[in-house]
Every structure is written in structure tokens, then in C-alpha cells.
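Predicted model, so just to flag it, every value in this text is computed and none were measured. What's counted below: heavy atoms across the whole structure, side chains too, no hydrogens, waters or symmetry copies.
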Amino acid sequence: MVGILSGLSFGYGVLGRVNKRVATILAVMGLIAFTAGAQARDVRIAALGDSLTQGYGLMQADGFTAQLQAWLDARAIGATVVNAGVSGDTTTGGLARVDWTLTPDIDAMIVALGGNDVLRGIDPEVARANLTGIMEAAKARDIPVLIIGIGVPGNYGEDYRAAFEAIYPDLAAQYDALYVENFLGALVEKTDSAETLARFMQSDGIHPNAAGVRVIIDAIGPVVGELAARVEGHS
């Protein structure tokens with residue numbers, strides 16, 4: 001009996017040491033997994049824009065930010081897009097809310113504003129000052145930016161169009177930002193005007209439909225991927 005008890009005591013002692021080793025190994029593995037997860041957390045990108053960003057007239061899953069998120073996920077790009085689009089917003093509105101858009105968890109920003117300024121005939125210099133303020137807010141936080149321009153119709157004359165369209169490449173160069181010339185550019189390039197309206201635009205002729213957004217994302221997605229890579233380069 002004493003021998004049996006001694007044997008059990010020995011066995012339990014060995015098991016106890018083994019269990020401690022296993023627990024230690026599991027704890028280390030857990031710490032490694034936690035650290036890797038923290039290092040691999042998604043880059044958070046705020047998309048500051050107007051109705052084109054917000055997804056006006058579309059189901060949530062069909063909007064710009066949702067389709068962009070799906071595009072990034074399909075390519076295993078570790079980025080989360082935050083929809084900071086407000087329908088009807090101007091560059092003035094964007095400047096007013098950029099500070100509370102750039103919360104501490106935001107790592108990068110897409111700026112896609114100006115269309116409503118043009119619709120209202122706002123002075124290009126006013127829009128330039130507003131967009132400069134937005135870029136300054138990002139610079140102060142060391143946040144990389146993708147700035148997206150717009151195509152300006154000739155309603156207000158060629159001087160107005162040239163002055164407005166020049167804002168975006170100028171600011172991209174000044175702030176070392178990524179740049180896309182025209183939010184709707186991929187649609188314009190893809191087909192002639194009449195076919196574009198029929199296939200890729202909503203009935204208002206201003207906002208893209210779900211298919212149109214897909215075309216836009218195919219063009220803009222790689223640049224957003226580059227934006228995410230810039231954040232990782234800062235890390």
C-alpha cells in the first residue's frame with residue numbers, strides 16, 4: 001500500500017511539473033499571439049467626403065466605403081474604412097468636422113470633397129483654403145492622406161474650372177499626399193457619356209449606382225492599398 005501511495009505521489013508530482021510546463025508554454029504562446037495580433041491590427045482609414053462617399057441612394061452594402069472595404073478584404077489588406085461621408089457636405093463642412101473625425105484610432109484619411117462647392121459656385125479660393133485646413137489637420141497628427149479631385153463642368157467658365165481642378169494636385173504635392181484626379185474618372189474613361197449615365201449612374205445623373213461604384217473602386221482601390229502601406233511604413 002505504501003508503495004502504491006508512493007508511486008501515486010511520484011506520478012502526481014511528475015504530472016504537476018508537466019502541467020506547469022504546459023501552462024508556461026501556453027502562456028508564452030498566448031503572449032506571442034496577443035503581440036502578433038496587436039502588431040497586425042487593421043489600419044483605420046477615415047473617408048471624409050460628401051454623398052459620393054456616404055453612399056447616397058444605395059443600399060449600405062453597395063456604397064463606396066462598403067465596397068472599398070470588400071475590395072481590401074478580398075486582397076487581405078489589413079485596413080478598416082470608416083465612413084465619414086455626409087450628403088450635401090462642402091469643403092467648409094469637411095473642415096468643420098475634420099478634428100472630430102480624426103479620432104486617436106484613425107491612422108489615415110481619404111479626402112473627397114468639392115463637388116457640392118462646384119454645384120453652388122463657391123469661389124475656388126474658398127475651397128482651397130478649406131481643403132488646406134483639412135490637410136493641415138492631418139499633417140498635425142502625422143496622418144497620411146489620399147486626396148481625390150473632381151471633374152468640374154464649364155458652367156462657370158474655363159478660368160473657374162482650371163482654378164478648381166488645380167487645387168487637388170497642388171495640395172497633393174504640397175503635403176506629399178496620394179492623389180486621384182477625379183472621383184468619377186473611371187466612369188468617364190470607361191464609356192461615352194450617354195452609356196455611362198445608363199449603365200453606371202442613378203437616375204439623378206450625379207451619383208453612381210452599385211455597378212458604377214464597383215468601377216470606381218477598381219480604380220481607386222489600389223491607391224487606398226498604397227495609403228494603408230504608408231501607415232505601416234510609419235509604424
Side-chain angles (χ1 to χ4, degrees), residues 45-58 62-72 79 81-95 98 101 108-120 122 124 127-128 130-131 134-135 138 144-155 160-173 175 177-193 195-197 199-202 204-227:
I45 303 172
L48 183 70
D50 50 32
S51 56
L52 294 174
T53 303
Q54 183 266 335
Y56 175 86
L58 298 171
D62 293 330
F64 173 77
T65 56
Q67 290 206 46
L68 176 56
Q69 185 67 64
W71 190 96
L72 294 168
V81 183
V82 179
N83 191 342
V86 173
S87 290
D89 212 7
T90 61
T91 57
T92 299
L95 178 60
V98 67
T101 297
M109 180 168 59
I110 299 169
V111 178
L113 287 162
N116 289 308
D117 296 61
V118 171
L119 289 175
R120 300 179 188 188
I122 291 173
R128 180 183 286 271
N130 290 332
L131 289 169
I134 291 170
M135 300 299 283
V145 174
L146 161 60
I147 187 167
I148 303 176
I150 56 170
V152 179
N155 304 41
Y160 182 95
R161 172 159 57 187
F164 212 106
E165 290 184 346
I167 296 170
Y168 301 92
D170 287 353
L171 292 181
Y175 291 94
L178 295 170
Y179 168 60
V180 170
E181 182 178 357
N182 184 352
F183 192 99
L184 299 174
L187 297 183
V188 175
E189 294 170 2
K190 192 171 182 67
T191 61
D192 61 63
S193 180
E195 188 179 354
T196 298
L197 289 175
R199 292 181 56 196
F200 299 117
M201 301 296 285
Q202 297 180 43
D204 62 9
I206 297 174
H207 299 92
N209 58 26
V213 173
R214 280 194 292 276
V215 174
I216 291 168
I217 295 301
D218 283 341
I220 292 178
V223 192
V224 178
E226 187 177 348
L227 180 66

Side-chain donor-acceptor distances from residues 110-119 under 3.5 Å, at least two apart:
unit_1 : atom_1 : unit_2 : atom_2 : d
Asn116 : ND2    : Asp89  : O      : 2.7
Asp117 : OD1    : Thr91  : N      : 2.9
Asp117 : OD2    : Thr91  : OG1    : 2.6

Please examine the side chains of [Y] and [X], heavy atoms only from C-beta on, and report whether any two atoms are closer than 4.5 Å.
X	Y	value
Ile216	Phe200	no
Asn83	Phe64	no
Leu48	Thr53	no

Do any N or O atoms from the side chain of [X] and from the backbone of [Y] form a donor-acceptor pair under 3.5 angstrom?
X	Y	answer
Tyr175	Pro144	no
Gln202	Ala210	no
Asn130	Leu95	no

task: Taking salt bridge (Lys or Arg N to Asp or Glu O under 4.0 Å) as the test, write out the residues that go with Arg199, two or more places apart.
output: Glu195
Test log, rule side chain to side chain contact (heavy atoms under 4.5 Å, CB included), inputs Trp71 and Asp218: CA-CA 8 Å; Trp71 190 96; Asp218 283 341; 3.8 Å; yes
What distance do [X] atom [atom1] and [Y] atom [atom2] have between them, rounded to the nearest 0.5 Å?
X	Y	atom1	atom2	value
Glu165	Asp170	CD	CG	12.0 Å
Glu226	Leu178	CD	CG	4.5 Å
Arg120	Thr92	CZ	OG1	8.5 Å
Leu52	Phe183	CG	CZ	5.0 Å
Arg128	Met135	CZ	CE	12.0 Å
Leu184	His207	CG	NE2	9.0 Å

Determine the minimum heavy-atom distance between [X] and [Y], stating which atoms define it.
X	Y	value
Pro208	Met201	CA-SD, 3.9 Å
Ala46	Thr101	CB-CG2, 3.8 Å
Val145	Ala138	CG2-CB, 3.4 Å
Ile167	Ala127	CD1-CB, 4.1 Å
Ala177	Ile147	CB-CG2, 4.5 Å
Leu187	Gly212	CD2-O, 3.6 Å

- prompt: For Tyr56, does the OH atom have more than 12 heavy-atom neighbours from other residues, nucleotides or ligands under 6.0 Å away?
  reply: no
task: Could you give me the CA-CA distance, side-chain angles and deciding distance for Asp62 and Val213, then say whether side chain to side chain contact (heavy atoms under 4.5 Å, CB included) is met?
output: CA-CA 8 Å; Asp62 293 330; Val213 173; over 6 Å; no
